[in-house]
Participant: 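Take a look at the following structure, please.
Counting convention: from 1, in listed order, for ligands and their atoms alike. Atom set for the values below is all heavy atoms of this structure, side chains included, hydrogens, waters and symmetry mates excluded. Counting from 1, the numbers follow the sequence of the chain as shown. Keep in mind that what you see is a predicted model, and the values were worked out from it rather than measured.
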Amino acid sequence: MYVYADNAATTSLSPKALEAMLPYFTEEYGNASSLHTPGQRAAEAMMRARQTVAAAINADFKEIYFTGGGSEADNQAILSGAYMGARKGKKHIISTAFEHHAVLHTLDKLKKEGFEITLLPVHENGVVTADDVAAAIREDTALVTIMMVNNEIGTVQPIAEIGAVCREKGVLFHTDAVQAVGHIPVDVKALNVDMLSMAAHKFHGPKGVGALYARKGVPLVNVIEGGQQERGKRGGTENIPGIVGMAAALKESVENLDQDMAYVTGLREKLITALSKIPHSRLNGDREKRNPGTVNFCFEGIEGEGLLLWLDQKGVAASSGSACTSGSLDPSHVLLALGLPHEVAHGSLRLSIDAHNTEEEIDHIIQAVPEVVDYLRNMSPVWDELERGLTPHLI
Ligand SMILES: *Cc1c(COP(=O)(O)O)cnc(C)c1O
């Protein structure tokens, strides 16, 4: 048995989404900007997709801008908020230390351009509070950007409350909801957000396509200059198959949301209960305030990399955190932001499951992980020192 438990990195393409996409690779190949019939058919397909995506998050179709994925949507939202603020002399931005690199690296770039960035610390449970945000807002704050669901540990942030604080203080608010959309309810009005990013491949849509929601009246700057596509805010011939596939996958996810959330949460709880029995292990992030499918553990005395390779051999595809940092030996910036020591943060394991996983697959993971942890600890000099009491256990 081989179990795919890395859905936070990417998901399989839903058969329904594939089916919806296929005609747009073959007979329906028109350019949506063309005035002839094939072009207009493409434009109509895109309009239907825009309405579907908008409806899924309680937005108006005019508030949806298709992008080349989640990273691009994050870049566009943050640059828009920053440059709009700068025109009014506001050059302060608030975010958190555990955002995705699409956010953190965009903020790095703005810092070099003279913006001042406040990265709020994350509490030990992996949650930022609305009070933290309220205390950090200043007269010159242009933008607050805080993710809805953390991609490494799965904790859900109080976005509606943070949004209410931002509204009250008149500060623009963006949320990276890439891990949330299609997995938990997302209603842009209830969340009090001005901008929100999503990516199709995180909810069984195709890769390389996403969307930015920008509330009416929020002026966007371009990341990609070009023609008048996306109301002039994103140049380039639209990825019609991708856009159609994203809408189909999102519609399917939202239709099944309640039952999938209940099912996946059940599997996740079973997983957490079983893995918590491993001695000197630690669940990262609040047990309740988390999205249905993401689980992140640290196991003292072993390296995350070895764990992943051996789990792969045992038939489990997992991750040591963000797919973007695997390959580097640096501990995860997310776990460090929670205050974990370097030694502990090295031994992390992220399992991200979803409604496509079966109960048997969860049982397979529950059997494989303790075996691999045991095996690696038996070979680990660090574990040996811990066991002989030469160094103190940290967890
Ligand atoms: C995956 C992810 C992104 C990046 O999305 P891409 O479509 O891969 O560019 C951004 N933010 C979060 C939280 C993610 O999980």
Side-chain angles (χ1 to χ4, degrees), residues 4-13 17 53 57 64-79 95-109 119 122 126-128 145-157 159 162 174-184 186 191 193 195-213 223-224 234 236 239 241-243 245-247 249-250 253 284-285 290-296 318-327 332-335 337 350-354:
Y4 184 77
D6 200 14
N7 288 283
T10 198
T11 59
S12 60
L13 183 64
V53 171
I57 59 169
I64 301 297
Y65 297 84
F66 291 121
T67 66
S71 300
E72 187 189 319
D74 283 342
N75 275 252
Q76 189 168 19
I78 293 167
L79 295 178
S95 188
T96 75
F98 78 163
E99 297 295 313
H100 190 273
H101 284 131
V103 169
L104 291 176
H105 291 168
T106 304
L107 295 174
D108 284 345
K109 166 182 148 121
L119 293 184
V122 184
V127 179
V128 183
T145 174
I146 294 179
M147 71 198 324
M148 187 160 179
V149 172
N150 182 274
N151 50 301
E152 287 191 32
I153 58 173
T155 47
V156 181
Q157 307 304 313
I159 295 302
I162 295 171
H174 164 249
T175 188
D176 172 344
V178 173
Q179 292 287 336
V181 172
H183 299 275
I184 57 174
V186 173
L191 291 173
V193 294
M195 293 181 279
L196 177 144
S197 312
M198 68 172 89
H201 74 108
K202 301 291 175 72
F203 51 76
H204 298 282
K207 292 168 182 62
V209 58
L212 173 61
Y213 156 81
V223 173
I224 298 178
R234 206 271 184 180
N239 174 4
I243 288 168
M246 170 159 77
L250 185 53
S253 299
N284 294 311
R290 64 174 54 245
N291 77 329
T294 310
V295 165
N296 187 306
S319 153
S320 63
S322 163
C324 319
T325 55
S326 65
S332 136
H333 71 284
V334 172
L335 297 180
R350 178 184 71 186
L351 295 160
S352 44
I353 54 171
D354 77 3

Participant: So Leu196 and Val181, side chain to side chain contact (heavy atoms under 4.5 Å, CB included) or not? Walk me through it.
Facilitator: CA-CA 10 Å; Leu196 177 144; Val181 172; 4.2 Å; yes
Participant: Tell me yes or no: between the side chains of Thr106 and Asn75, is some donor less than 3.5 Å from an acceptor?
Facilitator: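 Note: Thr106 and Asn75 side chains meet the donor-acceptor criterion.
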Participant: Mind listing the N or O contacts between ligand 1 and protein, cut-off under 3.5 Å?
Facilitator:
| from | atom 1 | to | atom 2 | distance (Å) |
| --- | --- | --- | --- | --- |
| ligand 1 | 7 (O) | Gly70 | N | 2.8 |
| ligand 1 | 7 (O) | His201 | NE2 | 3.2 |
| ligand 1 | 8 (O) | His201 | NE2 | 3.1 |
| ligand 1 | 9 (O) | Gly70 | N | 3.4 |
| ligand 1 | 9 (O) | Ser71 | N | 2.8 |
| ligand 1 | 9 (O) | Ser71 | OG | 2.7 |
| ligand 1 | 11 (N) | Asp176 | OD1 | 3.3 |
| ligand 1 | 11 (N) | Asp176 | OD2 | 2.7 |
| ligand 1 | 15 (O) | Gln179 | NE2 | 2.7 |
| ligand 1 | 15 (O) | Lys202 | NZ | 2.8 |

Participant: Mind checking what makes salt bridge (Lys or Arg N to Asp or Glu O under 4.0 Å) contact with Glu72, not counting sequence neighbours?
Facilitator: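 Partners of Glu72 under the salt bridge (Lys or Arg N to Asp or Glu O under 4.0 Å) test: Arg234.
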Participant: List for me each residue that meets salt bridge (Lys or Arg N to Asp or Glu O under 4.0 Å) alongside Arg290, sequence neighbours excluded, and say none if there are none.
Facilitator: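 Result, salt bridge (Lys or Arg N to Asp or Glu O under 4.0 Å) vs Arg290: none returned.
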Participant: Are a donor atom and an acceptor atom from the side chains of Ser253 and His183 found within less than 3.5 Å of each other?
Facilitator: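 Result is no, nothing qualifies.
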Participant: Not counting sequence neighbours, which residues clear side chain to side chain donor-acceptor pair (under 3.5 Å) with Gln76? List them please.
Facilitator: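 Checked Gln76 against side chain to side chain donor-acceptor pair (under 3.5 Å); zero matches.
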